[in-house]
Amino acid sequence: MAASADLRSRAQQLREEIARHDHAYYVLDAPTIPDVEYDRLFRELQQLEERHPELISPDSPTQRVGGARRADLPAVRHAVPMLSIHTETDSGPGGAIAFDARIRRKLGLGDGDPPVEYVAELKFDGVAISLRYEHGLLARAATRGDGETGEDVTPNLRTIRSVPLRLATAVAPPVLEVRGEVFMRRDAFEMLNERQRAAGEKVFVNPRNAAAGFVRQLDATVTASRPLTFCAYGLGEVVGWPLPATHGQVLDALVAFGIPVSSRRAVAHGPQGLVDFHASIAAARDALPFDIDGVVYKVNSLELQRRLGFVTREPAWAVAHKFPAQEELTRVLGIEVQVGRTGKLTPVARLEPVFVGGVTVSNATLHNEDFVRSLDVRIGDTVTVRRAGDVIPQIVSVVAERRQQGTVSFQMPAACPVCGSAVVRDEAEKDHRCSGGLYCPAQCKQALLHFAGRRAMDIEGLGEKLVDQLVDGGLVRSPVDLFRLDRDALAALERMAEKSAANVLAAIEKAKATTLARFIFALGIRHVGERTARDLASHFGSLDGLLAADQARLLEVADVGPVVAASIVGFFAEPHNREAIAQLQAAGVHWPDGKLHADVRARPLAGMTFVLTGTLPTLTREQAIELIVAAGGRVSGSVSKKTSVVVAGEDAGSKLDRARTLGVRAIDESELRRLVEGT
DNA sequence: GATCCTCGAGTTCT
DNA sequence: CTCGAGGATC
């Protein structure tokens with residue numbers, strides 16, 4: 001079948017586009033599109049050329065393994081070519097099963113034959129490097145380049161501490177080429193970008209690009225200041241060293257030579273072994289201190305590897321099995337503006353749903369006007385969305401070359417999108433706010449949700465849906481209205497039968513009994529969160545005491561300064577706020593008089609600050625906090641020099657590490673109980 | 001005035 | 001979880 005003119009021009013178009021991205025990636029170290037998109041273009045071209053071989057041109061990017069070389073680094077010819085590895089298209093378990101099936105077919109194995117033995121390893125997201133040791137000494141380090149010829153980066157690699165300059169062996173082979181990956185750990189990457197930002201320099205998009213940039217840096221002293229890591233996964237040319245029988249033994253031998261090899265490797269039997277490894281690494285992926293693309297499977301026996309050989313330029317005995325992408329391209333369908341409890345306007349991008357990092361993402365916050373401006377996100381733009389270690393999707397960048405004509409930059413509306421009130425910009429700061437106050441339905445709803453929240457009045461079952469119905473139906477306009485609801489009014493709502501109406505009323509009734517701290521928090525005074533509400537409650541002991549306090553009295557409270565004090569005074573100065581409080585009390589909201597027990601109780605933890613991390617064996621987080629606070633201690637969120645004790649449970653994370661480096665005492669739950677008992 | 005430590009507030013998806 | 005900003009401290 002002859003290729004049509006259409007296909008011919010499409011192939012040409014793809015070649016040009018890929019070449020442009022190659023240049024940006026390899027030469028400028030500034031990729032313009034995410035890898036997945038690049039892979040997609042590359043695959044389309046590959047498929048096109050497979051079906052229509054007459055379209056293949058000698059300069060086609062499919063005809064070489066790597067990318068363009070940088071002219072100013074010396075070229076190195078690889079004695080044994082550095083090949084790329086085939087990527088399985090199915091990123092689910094099917095990928096592993098398909099690979100195993102292919103291997104068995106090629107080896108002529110039937111159903112009765114035993115499972116094939118594999119080695120499964122991590123696929124690092126870094127830069128492929130070949131290290132050449134001659135008589136035990138590091139003689140040359142080179143990048144992959146186009147697979148045949150790479151670049152000499154010996155001075156740079158010498159600065160990487162995990163790369164041994166001499167093999168740890170008495171008798172070293174005349175030639176031993178080790179292949180592996182150089183990458184940057186995530187914590188090192190974060191610190192690097194922090195410094196870049198502070199210095200006003202450009203920040204790196206991801207750890208891989210940072211690593212690539214430094215490996216190919218001309219000035220080795222710059223590379224030396226970057227914490228790069230090396231991990232080996234195979235061999236190149238070998239002279240005078242007898243190869244063992246399996247790939248697993250090769251890796252073990254490298255370890256014995258003092259070469260770093262990831263300990264996250266395993267011998268796996270048959271497809272199930274591969275699927276299990278893939279699943280266990282996928283589960284551990286976010287917890288790893290570095291980025292990986294996926295995993296790699298290799299037939300363990302070197303003899304079988306020789307029998308399987310190569311297909312085109314890829315080894316038939318190995319495959320990369322990638323994870324779902326953590327970065328994807330999608331389109332901005334619109335930019336909506338949400339109104340929060342405090343009236344803050346938050347622009348949110350509505351996205352064409354896209355599967356990234358294991359979930360479908362359709363929204364991403366744009367924080368504020370400045371954030372939108374700095375990225376210059378516009379409706380209709382193609383953007384990169386990331387969902388990395390953290391959970392919250394974010395827009396990373398806009399693909400400038402995909403911008404359509406006639407788009408306009410985003411502007412905050414002058415009127416509140418919900419109530420139409422004027423929008424004001426906070427005292428020379430970043431945030432815009434709706435001036436409508438509680439007359440704005442959005443703010444009213446958020447205030448109600450806050451009031452009913454678990455940490456505030458804790459009214460069970462009063463969620464977003466119900467609040468929407470109550471406010472839109474005109475039944476409720478302020479918290480006190482909740483306590484005036486009756487069964488008939490509720491029953492008039494959709495999807496609200498006898499039973500659920502009774503449940504809601506019971507929950508509201510139950511919530512009337514609360515604590516002073518919860519009540520103060522529930523009011524939603526600006527700058528008064530859970531913590532400050534608790535401090536205010538224990539300092540004044542009663543609501544009347546707080547209501548009577550002036551600015552000076554408030555400043556006596558720990559952690560209350562002029563801004564917070566002014567906010568509190570301002571809130572209580574509003575007649576309608578005082579009236580609302582009186583009405584709530586009249587409706588039956590009450591709390592125990594805190595002053596009575598506070599002094600009677602023993603406070604063995606007075607003056608101590610605790611930080612909780614991990615999961616405790618029997619206590620929930622909330623129970624543990626209650627226990628500590630009841631005994632007179634404080635609980636805070638992050639570890640610092642001021643922290644007295646860190647209470648660590650199962651899966652304790654970075655907070656425990658930090659406690660160790662700061663020399664802060666760490667205890668477990670049983671020890672906490674003993675402290676609370678005062679023993 | 002600078003720096004560190006916290007807290008408040010907003011956010012996504014299942 | 002992360003950003004921004006208030007408060008405390010030196």
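So that the names make sense, note that chain A is the first sequence line, chain B the second, and so on, each numbered from 1.
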_Rounding to an integer number of Å, can you tell me how far A:Glu556 CD sits from C:dG7 P?_
15 Å

*Kindly check if the number of other-residue, nucleotide or ligand heavy atoms within 6.0 Å of CD (A:Glu464) is above 12?*
no

*Specify the separation, in whole Å, of atom CZ of A:Arg534 and atom C1' of B:dT6.*
13 Å

*Would you kindly give the NZ-to-P distance between A:Lys344 and C:dC3, to the nearest whole Å?*
13 Å

*Sequence neighbours left out, what passes ring-ring contact (aromatic ring centres under 6.0 Å, His included) with A:His367? Give chain and number order.*
A:Phe371

*Any A:Ser636 side-chain nitrogen or oxygen under 4.0 Å from OP1 or OP2 of B:dC5*: no

*In whole Å, what is the span from the CZ atom of A:Arg341 to the C1' atom of B:dG10?*
10 Å

*asked:* Expressed as a whole number of angstroms, how long is the span from A:His367:NE2 to B:dT12:P?
replied: 9 Å

*Would you kindly give the CD-to-P distance between A:Gln446 and B:dT11, to the nearest whole Å?*
8 Å

*asked:* Under the rule for side chain to side chain contact (heavy atoms under 4.5 Å, CB included), what residues qualify as partners of A:Gln411, not counting sequence neighbours?
replied: A:Glu369, A:Arg373

*Should A:Thr342 be listed as having a side-chain N or O under 4.0 Å from OP1 or OP2 of B:dG10?*
yes

*Set of side chain to side chain contact (heavy atoms under 4.5 Å, CB included) partners for A:Ser538, sequence neighbours left out*: none

*For the pair made of CG in A:Leu366 and C1' in B:dT11, what is the distance, rounded to whole Å?*
12 Å

_Using OP1 and OP2 only, check whether a side-chain N or O of A:Arg526 sits under 4.0 Å from B:dG8._
no

*Where the side chain of A:Thr360 is concerned, which of B:dT11, B:dT14, C:dG7 is the nearest nucleotide?*
B:dT14

*Consider the side chain of A:Arg531, meaning its heavy atoms from C-beta on, and name the nucleotide among B:dC13, B:dA9, B:dC7 that approaches it most closely.*
B:dC7

*Are OP1 or OP2 of B:dT11 and a side-chain N or O of A:Thr346 less than 4.0 angstrom apart?*
yes

*Quick one: is A:Gln338 getting a side-chain N or O under 4.0 Å of the B:dT11 phosphate, OP1 or OP2?*
yes

*Would you indicate, yes or no, if B:dT12 has its OP1 or OP2 atom less than 4.0 angstrom from a side-chain nitrogen or oxygen of A:Ser362?*
no

Which atom pairs, one a donor and one an acceptor, fall under 3.5 Å between side chains of residues 447-461 of chain A and the rest of the protein, sequence neighbours left out?
from: A:His450; atom 1: NE2; to: A:Phe521; atom 2: O; distance (Å): 2.8
from: A:Arg455; atom 1: NE; to: A:Glu530; atom 2: OE1; distance (Å): 3.1
from: A:Arg455; atom 1: NE; to: A:Glu530; atom 2: OE2; distance (Å): 3.2

*Mind calculating the distance between CZ (A:Arg433) and P (C:dA5) to the nearest angstrom?*
11 Å

*For A:Thr342, which of A:Gln446, A:Arg526, A:Gln443, A:Arg433 qualifies under side chain to side chain donor-acceptor pair (under 3.5 Å)?*
A:Arg433

Output a table of nitrogen or oxygen pairs between the protein and nucleotides 8-10 of chain C separated by less than 3.5 Å.
from: C:dA8; atom 1: OP1; to: A:Asp559; atom 2: N; distance (Å): 3.2

_Pairing residues for A:Phe519 by the ring-ring contact (aromatic ring centres under 6.0 Å, His included) criterion, not counting sequence neighbours_ = A:Trp591

*Any A:Asn363 side-chain nitrogen or oxygen under 4.0 Å from OP1 or OP2 of B:dT11*: no

